[in-house]
Amino acid sequence: MAKNKLTFEEALAGLEKSAADLIKEGITLEEAIGNFEKGIDYYHQCNEILENAKQKISTYSK
């Protein structure tokens, strides 16, 4: 997955979709691995956005 700049909401929706796709019936191992990898990418994007927000809040509250 390319490192697109997504909003937090977009990244979270992608993460939720990846998680939902992982529990579908009849999913192949390859599909499950692909969904897991996409989910990890979305997780990292969400985490990066939240960490940046945390740093800003910490800076402004000093």
Side-chain angles (χ1 to χ4, degrees):
M1 174 183 218
K3 287 280 187 180
N4 298 333
K5 287 292 181 184
L6 301 175
T7 66
F8 178 78
E9 291 77 11
E10 291 168 333
L12 183 59
L15 178 56
E16 290 171 341
K17 182 180 180 329
S18 294
D21 288 346
L22 271 173
I23 60 173
K24 283 184 182 176
E25 289 197 31
I27 191 171
T28 66
L29 178 60
E30 290 79 15
E31 291 170 327
I33 291 170
N35 287 327
F36 179 78
E37 290 173 339
K38 286 180 191 175
I40 292 296
D41 286 340
Y42 285 123
Y43 166 79
H44 287 296
Q45 289 183 47
C46 286
N47 193 47
E48 180 180 344
I49 293 166
L50 290 174
E51 284 297 319
N52 287 338
K54 181 180 172 183
Q55 287 177 355
K56 286 179 183 178
I57 291 168
S58 177
T59 299
Y60 292 127
S61 60
K62 288 183 180 180

| note | Applying side-chain contact (heavy atoms from CB on, under 4.5 Å) to Glu16 and not counting sequence neighbours gives Leu12
| task | Identify the two heavy atoms, one from Cys46 and one from Phe8, that lie closest to each other, and give their separation to 0.1 Å. | result | CB-CE1, 3.8 Å
Just how far is it from atom [atom1] of [X] to atom [atom2] of [Y], taken to the nearest 0.5 Å?
| X | Y | atom1 | atom2 | result |
| --- | --- | --- | --- | --- |
| Lys17 | Leu22 | NZ | CG | 10.5 Å |
| Leu6 | Leu15 | CG | CG | 11.5 Å |
| Gln45 | Glu10 | CD | CD | 9.5 Å |
| Asn52 | Asn47 | CG | CG | 9.5 Å |

| message | Can you confirm whether Phe36 sits close enough to Ser18 that some side-chain heavy atom of one is under 4.5 Å from a side-chain heavy atom of the other? | response | no
| message | Counting C-beta onward and ignoring hydrogens, is there a side-chain heavy-atom pair between Lys54 and Leu50 closer than 4.5 Å? | response | no
| query | Does the distance from a Lys or Arg side-chain N to an Asp or Glu carboxylate O, for Asp21 and Lys24, drop under 4.0 Å? | reply | yes
| query | Can you check salt bridge (charged side-chain N to carboxylate O under 4.0 Å, His left out) on Glu48 and Lys5, steps first, answer last? | reply | CA-CA 11 Å; Glu48 180 180 344; Lys5 287 292 181 184; 3.8 Å; yes
